[in-house]
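Structure, as structure tokens:
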Amino acid sequence: GAGVSQSPSNKVTEKGKDVELRCDPISGHTALYWYRQSLGQGLEFLIYFQGNSAPDKSGLPSDRFSAERTGGSVSTLTIQRTQQEDSAVYLCASSEGRQPQHFGDGTRLSIL
Amino acid sequence: SQKIEQNSEALNIQEGKTATLTCNYTNYSPAYLQWYRQDPGRGPVFLLLIRENEKEKRKERLKVTFDTTLKQSLFHITASQPADSATYLCAGILSGGYNKLIFGAGTRLAVHP
């Protein structure tokens, strides 16, 4: 079946603009995660959604970052007033409960 | 802070040899360790999971060990092939928590013909 899908695959924007990144998880997966991967670095946890529970936002680096998950499926990660240090690959993953995570191929975000 | 550390230097080996990658953890005790493979421009792909009460896990040419005394996991690829060339990520999960992973930065493996 289809895997985790992320869009856009690449995004270039000017500093100060807002960006919205989208994630379509695997159908039926109740858990959804966002990570950030900077060049040569490991994955940095951003936010976690599980069913109808309140999301764990403990990894969001600032209040410019927010995320939503509508209807328990599609998720969007929004970055407001982007800064150059926001440049990274943003990865989304989904899982069924505590099973291993399935990742999308990410959105490569470049802030000019 | 909780940390997963992997050798940042690339590992270069000859085809047919066994590749061994190291993962060390500090300041926490993961109940599970997972290993993922990541190819350039792609997301990580899950390979193996090992629990703290398991010493060793195997899957085809892959073998993972978990030593809670040394706070270390070793990942082995036997009879390595050029197609095994990729970055390998180690990630830990705490017991009782949900599936929140703490990742290492990964080790790049290059298998030469």
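Side chains are part of it too, since the values below use all heavy atoms of this structure and drop only hydrogens, waters and symmetry mates. All of these numbers come straight from a predicted model, not from anything done at the bench. The chains referred to below are lettered A, B, ... by the order of the sequence lines, with proteins before strands, and numbering in each begins at 1.
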*For the hydrophobic clusters of this structure (ILVMFWY residues joined by side-chain heavy atoms under 4.5 Å, transitively), does one cluster hold both B:Leu21 and B:Ile13?*
yes

*Are B:Ile102 and B:Leu33 grouped together when hydrophobic residues (ILVMFWY) are joined by side-chain heavy atoms under 4.5 angstrom apart?*
yes

*Is any side-chain heavy atom of A:Gln101 less than 4.5 Å from a side-chain heavy atom of B:Tyr36?*
yes

*asked:* Quick one, A:Tyr33 and B:Leu101 - any side-chain contact, counting heavy atoms below 4.5 Å?
replied: no

*Heavy-atom distances under 4.5 Å only: say whether A:Leu91 touches chain B with side chain, backbone, both or neither.*
side chain

*Is it the case that A:Gln37 and B:Gln38 place a side-chain donor and acceptor less than 3.5 Å from each other?*
yes

*So does B:Arg108 have more than 12 non-hydrogen atoms from other groups sitting under 6.0 Å from CZ?*
no

_CG/A:Asn52: more than 12 non-hydrogen atoms of other groups inside 6.0 Å_ = no

